[in-house]
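As the structure is a computational prediction, the values presented were derived from the model and not from experiment.
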Amino acid sequence: MISYEPLWAIMEEKSITTYQLIKRGIDSRMIYNLKHNQNITMLTAEKLCRIIKCEIQDIVEFVEEE
């Protein structure tokens, strides 16, 4: 399973809000998907990394399903 917990942690660390993501081109539906650990496109992941100035492993992690 995919978890975007690292994304929220790095956003908090860098004082970046979801509003700022939306203003920089991340669709509000993608924000919903991120909040609910649902699929996003690699294009969205790339945009997030560019906005936050981080690497892909800084925003996503794979966790074992129980």
Side-chain angles (χ1 to χ4, degrees):
M1 185 171 111
I2 293 175
S3 171
Y4 297 105
E5 283 303 316
L7 170 66
W8 308 117
I10 198 167
M11 283 177 58
E12 185 173 328
E13 179 184 312
K14 295 187 175 198
S15 299
I16 297 172
T17 65
T18 54
Y19 177 75
Q20 289 171 313
L21 295 180
I22 292 168
K23 293 295 276 181
R24 299 276 311 268
I26 303 297
D27 189 83
S28 59
R29 285 175 287 167
M30 285 298 129
I31 300 293
Y32 176 89
N33 287 355
L34 290 163
K35 287 185 177 183
H36 293 90
N37 293 322
Q38 296 178 352
N39 293 333
I40 62 169
T41 65
M42 288 306 293
L43 179 61
T44 299
E46 181 183 355
K47 284 182 185 179
L48 286 168
C49 289
R50 287 178 192 253
I51 292 166
I52 299 170
K53 295 180 175 63
C54 67
E55 301 293 325
I56 188 76
Q57 64 270 18
D58 297 328
I59 65 170
V60 65
E61 68 182 349
F62 294 96
V63 293
E64 294 291 325
E65 290 189 59
E66 295 178 13

- Test Leu21 against Met11 for side chain to side chain contact (heavy atoms under 4.5 Å, CB included), laying out the working first. CA-CA 10 Å; Leu21 295 180; Met11 283 177 58; 3.6 Å; yes
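A continuous path of hydrophobic side-chain contacts links Ile22 to Met30 [ILVMFWY only; heavy atoms under 4.5 Å]. Residue Ile59 is grouped with residue Phe62 when hydrophobic side chains (ILVMFWY) are merged at heavy-atom distances under 4.5 angstrom, including chains of intermediate members. Ile31 and Ile2 fall within the same hydrophobic cluster, defined by Ile, Leu, Val, Met, Phe, Trp and Tyr side-chain heavy atoms under 4.5 Å apart, directly or through other members.
Within 6.0 Å of the CD atom in Glu55, the count of heavy atoms belonging to other residues, nucleotides or ligands does not exceed 12.
Taken to the nearest 0.5 Å, the OG1 atom of Thr44 stands 8.0 Å off from the CG atom of Asp27. For the atom pair Lys14 NZ and Asp58 CG, the distance stands at 7.5 Å (nearest 0.5 Å). Residue Ile16 holds its CD1 atom at 7.5 Å from NZ of Lys53, rounded to the nearest 0.5 Å. In this structure, CD in Glu64 is found 13.0 Å from OG in Ser3, a value given to the nearest 0.5 Å.
Residues Leu34 and Thr18 form no side-chain contact, since every pair of their non-hydrogen atoms from C-beta on lies 4.5 Å or further apart. Contact check for Leu48 versus Ile40: side-chain heavy atoms found under the 4.5 Å cut-off.
Between the side chain of Gln20 and the backbone N or O of Thr17 there is at least one donor-acceptor pair closer than 3.5 Å. The backbone N or O of Gln38 lies less than 3.5 Å from a partner atom in the side chain of Tyr4, making a donor-acceptor pair.
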